[in-house]
Asks: 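The structure under discussion is supplied below as structure tokens; questions concerning it will follow.
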Amino acid sequence: MADLSRDPDFFAVLAGSYARRLGTPLVPPGRDAGWLYDAAPFAVLAHDGGADPRFVYANRAAQACFGYGREELIGLPSRLSAEAPERAERQRLLDAVTRDGFTRGYRGLRIAKDGRRFWIERAVVWQLDRDGVTVGQAATFSEWRDA
């Protein structure tokens, strides 16, 4: 799978989709793909638009939160970020984002690689599009705490 961590074209899709959907920038002015991946103080994850979506992007903050390295997280089915009982709720969220384009203020229970359960708080989830074609979904959050 391609390494999108510092890819300027993928950054344009992430940041551009966010700005179009939410009317505000994802990153501060002058920040680029490298900053978002390496230094952003908030988590950003993205999955593709497949029937069983797989992670295609996770910045370092997201990797630390979930306890996976980039090589482990990229390609992982995104449904595995939630425990089985929580997956139906997660799917309702993703369906709403598909319908509405984005949601903000989301709170959900997630699971780390080591089995630690944690809450993500006040997350924003949005549709990713390239030239008007949906290519996946992304999420960002800066608050999380152990469950």
Side-chain angles (χ1 to χ4, degrees), residues 1-22 26-27 31-104 106-147:
M1 189 166 271
D3 182 0
L4 302 176
S5 47
R6 293 175 193 83
D7 182 273
D9 293 328
F10 188 73
F11 174 76
V13 169
L14 271 176
S17 297
Y18 186 94
R20 283 189 299 280
R21 303 257 183 222
L22 285 104
L26 174 64
V27 300
R31 303 297 186 173
D32 62 6
W35 179 86
L36 181 63
Y37 182 76
D38 290 314
F42 50 88
V44 177
L45 299 112
H47 65 218
D48 64 21
D52 187 12
R54 294 180 178 276
F55 286 118
V56 296
Y57 180 88
N59 70 354
R60 291 202 189 274
Q63 292 170 37
C65 185
F66 283 89
Y68 287 95
R70 190 193 75 76
E71 297 79 18
E72 298 171 298
L73 196 51
I74 302 308
L76 185 74
S78 62
R79 66 182 155 73
L80 298 179
S81 66
E83 289 183 301
E86 304 299 322
R87 290 182 190 153
E89 180 271 333
R90 178 186 165 277
Q91 189 58 53
R92 282 191 293 279
L93 163 75
L94 298 179
D95 292 344
V97 171
T98 298
R99 182 187 67 237
D100 301 333
F102 73 93
T103 190
R104 62 174 104 210
Y106 173 73
R107 178 177 191 256
L109 188 62
R110 294 294 177 266
I111 186 165
K113 178 183 174 182
D114 65 4
R116 176 182 49 86
R117 297 168 71 231
F118 63 97
W119 290 100
I120 59 172
E121 310 276 353
R122 298 184 346 171
V124 175
V125 185
W126 72 100
Q127 289 286 98
L128 295 176
D129 62 272
R130 179 180 284 124
D131 301 324
V133 176
T134 300
V135 295
Q137 294 178 328
T140 185
F141 54 93
S142 58
E143 298 177 31
W144 60 90
R145 62 180 176 79
D146 286 345

Asks: Out of curiosity, Trp144 CH2 to Glu121 CD, how far, rounded to the nearest 0.5 Å?
Replies: 11.5 Å
Asks: Testing the basics here: between Ala58 and Gln63, what is the closest heavy-atom pair and its distance to 0.1 Å?
Replies: O-NE2, 2.9 Å
Asks: Looking only at heavy atoms, which two atoms of Asp3 and Asp7 are closest? And how far apart?
Replies: O-CB, 4.3 Å
Asks: Determine whether a donor-acceptor pair (N or O, by modelled atom type, separation under 3.5 Å) exists between the side chain of Glu72 and the backbone of Gly69.
Replies: yes
Asks: Counting only heavy atoms not in Arg122, do more than 12 fall under 6.0 Å of its CZ?
Replies: no
Asks: Arg21 side chain to Ser17 main-chain N or O, any donor-acceptor pair under 3.5 Å?
Replies: no
Asks: Output the distance between atom CZ (Arg110) and atom SG (Cys65), rounded to the nearest 0.5 Å.
Replies: 10.5 Å
Asks: Closest approach of Leu14 and Trp126, non-hydrogen atoms and distance?
Replies: O-NE1, 3.5 Å
Asks: Using only atom types and a distance under 3.5 Å, with no angle test, would you say the side chain of Ser78 pairs donor to acceptor with the backbone of Arg54?
Replies: no
Asks: Return yes if some donor-acceptor pair links the side-chain N/O of Asn59 with the main-chain N/O of Phe42 below 3.5 Å, else return no.
Replies: yes
Asks: Could you state the interatomic distance from CZ (Phe11) to CH2 (Trp35), rounded to the nearest 0.5 Å?
Replies: 8.5 Å
Asks: Apply salt bridge (Lys or Arg N to Asp or Glu O under 4.0 Å) to Arg6 and Asp38, showing your working.
Replies: CA-CA 9 Å; Arg6 293 175 193 83; Asp38 290 314; 2.8 Å; yes
Asks: How many angstroms lie between atom CZ of Arg70 and atom CE of Met1, to the nearest 0.5 angstrom?
Replies: 10.0 Å
Asks: Rounded to the nearest 0.5 Å, what separation is found between the CG atom of Leu76 and the CD atom of Glu71?
Replies: 13.0 Å
Asks: In terms of the angle between their ring planes, are Phe10 and Tyr57 parallel, tilted or perpendicular, with boundaries placed at 30° and 60°?
Replies: tilted
Asks: Should the ring pair His47 and Phe55 be called parallel, tilted or perpendicular, given that the plane angle runs from 0 to 90° and is split at 30 and 60?
Replies: tilted
Asks: Say whether, by atom type as modelled, one donor and one acceptor occur between the side chain of Arg87 and the main chain of Arg79 under 3.5 angstrom.
Replies: yes
Asks: Taking the ring centre of each residue, are Tyr18 and Phe102 less than 6.0 Å apart?
Replies: no
Asks: Identify the two heavy atoms, one from Ile111 and one from Phe66, that lie closest to each other, and give their separation to 0.1 Å.
Replies: O-CD2, 3.6 Å
Asks: Identify the two heavy atoms, one from Ala112 and one from Phe118, that lie closest to each other, and give their separation to 0.1 Å.
Replies: N-CE2, 3.7 Å
Asks: Within the distance-only criterion (no hydrogens, no angle test), does the side chain of Gln137 pair as donor or acceptor with the backbone N or O of Leu94 below 3.5 angstrom?
Replies: yes
Asks: Just verifying a value: how many Å separate Asp48 CG and Ile74 CD1, rounded to the nearest 0.5 Å?
Replies: 10.5 Å
Asks: Quick check: closest heavy atoms across Ala61 and Ala40, and the distance to 0.1 Å?
Replies: CB-O, 3.9 Å
